[in-house]
Amino acid sequence: MIHLDAHPDYYHRGNKTYAVAGGMALAIITGKGTDILSNLENRKPYVKSKHVLTLGYRESDPEQDIIAEAEMDEISCWSAEYVVRGIILQ
């Protein structure tokens with residue numbers, strides 16, 4: 001699955017206990033969000049982390065620790081700058 005956004009939209013300690021969807025798209029589909037959203041009909045995870053690519057996030061995003069957490073969970077993370085550098089260098 002490809003996730004395109006300027007923010008990682010992944011789990012962080014400040015939003016895990018709340019049933020919110022905004023800012024948690026990757027957390028929800030990979031089973032890291034609250035169970036009320038990420039475990040409908042006991043089907044958690046909807047998509048395995050290793051099958052996810054998130055791209056377009058800003059390297060200057062203040063939530064870089066969330067990127068590190070996503071990478072530890074095997075989500076491939078490509079920043080907007082990384083994608084642009086790759087296109088220009090080819």
Side-chain angles (χ1 to χ4, degrees):
M1 195 214 63
I2 297 173
H3 172 259
L4 177 62
D5 200 322
H7 303 283
D9 290 352
Y10 197 62
Y11 161 82
H12 62 82
R13 288 176 288 287
N15 66 9
K16 184 173 170 85
T17 58
Y18 303 102
V20 297
M24 285 187 66
L26 287 182
I28 291 168
I29 65 161
T30 59
K32 301 293 189 286
T34 57
D35 275 350
I36 195 169
L37 297 173
S38 63
N39 196 23
L40 298 173
E41 298 179 356
N42 292 317
R43 295 178 184 231
K44 177 180 176 174
Y46 309 127
V47 178
K48 292 181 181 180
S49 296
K50 66 182 180 180
H51 297 149
V52 175
L53 165 64
T54 183
L55 64 104
Y57 67 88
R58 293 173 284 191
E59 288 183 5
S60 61
D61 196 307
E63 298 176 337
Q64 288 302 307
D65 57 325
I66 295 173
I67 298 299
E69 187 172 340
E71 290 175 328
M72 284 190 295
D73 284 339
E74 298 185 88
I75 292 176
S76 297
C77 301
W78 297 359
S79 69
E81 291 87 350
Y82 175 82
V83 172
V84 169
R85 283 192 306 265
I87 292 171
I88 291 172
L89 295 176
Q90 289 186 11

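Owing to the predicted nature of the structure, the values given are computational and were not obtained by experimental measurement.
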Within the structure provided, determine whether [X] and [Y] are in side-chain contact (heavy-atom separation under 4.5 Å).
{"X": "M1", "Y": "L26", "answer": "yes"}
{"X": "K32", "Y": "M24", "answer": "no"}
{"X": "I67", "Y": "Y10", "answer": "no"}

What is the minimum heavy-atom distance between [X] and [Y], and which atoms define it?
{"X": "A27", "Y": "S38", "result": "O-CB, 4.4 Å"}
{"X": "L40", "Y": "Y46", "result": "N-OH, 2.8 Å"}
{"X": "I75", "Y": "T54", "result": "CG2-CG2, 4.0 Å"}
{"X": "G31", "Y": "P45", "result": "N-CB, 3.9 Å"}
{"X": "C77", "Y": "E71", "result": "SG-CG, 3.6 Å"}

Would R85 and E59 count as a salt bridge (charged side-chain N to carboxylate O under 4.0 Å, His left out) here? Give the steps. CA-CA 13 Å; R85 283 192 306 265; E59 288 183 5; 3.6 Å; yes
Could you walk me through whether E74 and K48 satisfy the side chain to side chain contact (heavy atoms under 4.5 Å, CB included) test, starting with their C-alpha distance in whole Å, then the side-chain angles of each, then the deciding distance to 0.1 Å, before giving a yes or no? CA-CA 9 Å; E74 298 185 88; K48 292 181 181 180; over 6 Å; no
Evaluate the side chain to side chain contact (heavy atoms under 4.5 Å, CB included) criterion for residues Y82 and L55: first the C-alpha distance (whole Å), next the side-chain angles of each, then the deciding distance (0.1 Å), finally the verdict. CA-CA 9 Å; Y82 175 82; L55 64 104; over 6 Å; no
Would you say N39's side chain and R43's backbone share a donor-acceptor pair under 3.5 angstrom?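 Yes; at least one donor-acceptor contact below 3.5 Å.
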Candidate pair D9 and Y57, rule side-chain hydrogen bond (donor to acceptor under 3.5 Å, both in side chains), full reasoning: CA-CA 9 Å; D9 290 352; Y57 67 88; over 6 Å; no
I'd like to check the side chain to side chain donor-acceptor pair (under 3.5 Å) partners of S49; sequence neighbours left out, ordered by chain and number.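 With neighbours one apart ignored, the set is empty.
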